[in-house]
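Below: one structure, written as structure tokens.
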Amino acid sequence: MSFSISDIPVDPTALRADLLHEASGAYVSFEGWVRNHNEGQAVEALEYSAYKPLAEKEGHRIIAEAIERFGIESAACVHRIGPLSIGDIAVWVGVSSPHRGAAFDACRYIIDETKARVPIWKREHYQSGKTEWVNCHTEIKT
Amino acid sequence: MSFSISDIPVDPTALRADLLHEASGAYVSFEGWVRNHNEGQAVEALEYSAYKPLAEKEGHRIIAEAIERFGIESAACVHRIGPLSIGDIAVWVGVSSPHRGAAFDACRYIIDETKARVPIWKREHYQSGKTEWVNCHTEIKT
Amino acid sequence: MPDSGRELLTMKFSIEYFALLKDQRGCSSETLETDAATPRDLYVQLAEQYAFSLPPESLKVAVNEEFADWNHSLNAGDTVVFIPPVAGG
Amino acid sequence: MPDSGRELLTMKFSIEYFALLKDQRGCSSETLETDAATPRDLYVQLAEQYAFSLPPESLKVAVNEEFADWNHSLNAGDTVVFIPPVAGG
């Protein structure tokens, strides 16, 4: 069980190897890739930043909740920070479990909760030259 | 879009690379690993066999259904045949999609339908020395 | 053996065996001539001859590499495969 | 500036800024002495001073590396972080 914030590229092959267990029959992984567009705008690059100590604490809580709730064998999540390019892995989640239903449900829970609760922010750089902190623009009251 | 029956080890890294698309932000994969037990019996090894032409036809239909139904970008599935050992990948499914909900749903659909519909059989070799075609024993009427 | 009173209408079929049926038949494929008109007739004959343990309701059937109905009318030269309960994944 | 009529009860806090708040503040952390008794008081003061565009109801707040209530009673030396809408994944 682990959750980490990483400023180096995510290596799914190595992370997957840590979840191998002889008793587990099912492995589900999720990767969030940097897309070349978002809500109609062409994205050239982006960066993530995090409030690392709280992000890792909240992430550990999410993993613990998933293990408790779905009865999975083990799970891990890594979220990148720093500048990323199109196609880079922004976030990776892996779950191993005796049964596939629990593995799917837990993997989805972890990514959904991570996106909702973990203090990580994304700034997108558009082809137009503009940059924007995602989710912060529409909140402005003027 | 592809479904194949393979008599050589599954390479998730290579298969994943084929699903990378600049427009896709979500990737979900499933792996079924050979477990060291099944329904209380210690499993030493197992083998899969398939009725290959029909298995690949039915598998292609499942992939096409998933693309149609969930609006994903692309998907693939590979199922091993031949002798396998504990920890080997028996089946791999990968899905890429603009959105993660569709990727999870499609991945689960493909593995569920593959297990239910594709003519592939599993013989387990137990530590007791016995072997058994899974799902065939309980069907016997005597 | 099939009822010899109906030997007038016989056809040749290819049959492939998989998994438990292959073990119980002792071979993976054969060609045979029979008066069976449907997959159901054919399975009943073979099950009796080789003591197949799987009841037909636990099987599916494929004709010429496509799933088919048990009451499908067979044609001479068809390849018939009886599909034991699957266990992929 | 804070109301100088309440300057009797001031405390020092460390504040860290992230994302849009860091850009709008122009620095990533600072220590300041203020009469704010709760994170809500503190954000109102800072938002006015630095023209933060995010309303407090869009933020969460953390005190000493744990999520906290907006009405939490601050202690001298606390580290306070205002958390803009997150966008991980």
Side-chain angles (χ1 to χ4, degrees), chain A residues 10-17 19-40 42-46 73 84-112 114-115 122 124 134, chain B residues 10-17 19-40 42-46 73 84-112 114-115 122 124 134:
Chain A
V10 175
D11 179 353
T13 305
L15 291 162
R16 170 187 175 280
L19 295 178
L20 286 164
H21 297 278
E22 295 206 334
S24 289
Y27 171 75
V28 172
S29 74
F30 172 82
E31 297 177 18
W33 295 336
V34 178
R35 286 188 292 176
N36 61 3
H37 65 277
N38 189 18
E39 292 177 8
V43 174
E44 284 211 318
L46 54 73
E73 176 81 23
L84 275 76
S85 304
I86 307 301
D88 283 350
I89 298 174
V91 59
W92 174 93
V93 181
V95 172
S96 66
S97 167
H99 300 289
R100 72 186 186 285
F104 276 107
D105 291 342
C107 190
R108 190 158 187 173
Y109 179 82
I110 292 167
I111 185 60
D112 287 351
T114 295
K115 288 172 78 90
K122 173 164 62 171
E124 292 184 333
V134 174
Chain B
V10 175
D11 179 353
T13 306
L15 290 163
R16 169 187 176 281
L19 295 178
L20 286 165
H21 297 279
E22 295 206 334
S24 289
Y27 170 75
V28 173
S29 74
F30 171 82
E31 296 177 18
W33 295 336
V34 178
R35 286 189 291 176
N36 61 3
H37 65 278
N38 189 19
E39 291 176 8
V43 174
E44 285 211 318
L46 54 74
E73 176 81 21
L84 276 76
S85 304
I86 308 301
D88 283 349
I89 297 174
V91 59
W92 175 92
V93 181
V95 172
S96 66
S97 167
H99 300 289
R100 71 185 186 285
F104 276 107
D105 292 342
C107 190
R108 190 158 187 172
Y109 179 83
I110 292 167
I111 185 60
D112 286 352
T114 295
K115 288 173 77 91
K122 173 163 64 171
E124 292 184 332
V134 173

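Below, chain A is the first sequence line, B the second, and so on; all start at residue 1.
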Straight-line distance of [X] [atom1] to [Y] [atom2], nearest 0.5 Å:
X     : Y      : atom1 : atom2 : result
B:Y27 : A:S29  : OH    : OG    : 5.5 Å
B:L15 : B:W92  : CG    : CH2   : 4.5 Å
B:W33 : B:I89  : CH2   : CD1   : 8.0 Å
B:R35 : B:E124 : CZ    : CD    : 8.5 Å

Where on [X] is there a heavy atom nearer than 4.5 Å to chain B: the side chain, the backbone, both, or neither?
X     : value
A:S24 : both
A:N38 : neither
A:L20 : both

**Request:** Among the options B:A90, B:G32, B:G101, pick out the one with the most heavy-atom pairs lying under 4.5 Å from chain A.
**Result:** B:G101
**Top contributor to chain A contacts, counting heavy-atom pairs under 4.5 Å, from B:V95, B:I86, B:V93** = B:I86
**Fill in**
Residue from A:H37, A:R100, A:H21 scoring the most non-hydrogen pairs under 4.5 Å with chain B is A:R100
**Fill in**
In terms of heavy-atom pairs under 4.5 Å with chain B, the winner among A:G87, A:P98, A:G94 is A:P98
**Request:** Run the numbers on B:D105 and A:R108 for side chain to side chain contact (heavy atoms under 4.5 Å, CB included), then give the verdict.
**Result:** CA-CA 10 Å; B:D105 292 342; A:R108 190 158 187 173; 2.9 Å; yes
**Message:** Looking at A:S96 and A:E73, would you say the former's side chain and the latter's main chain have a donor-acceptor pair under 3.5 Å?
**Reply:** no
**Prompt:** Measuring heavy-atom distances to chain A, does B:T13 have an atom under 4.5 Å in its side chain, in its backbone, in both, or in neither?
**Reply:** side chain
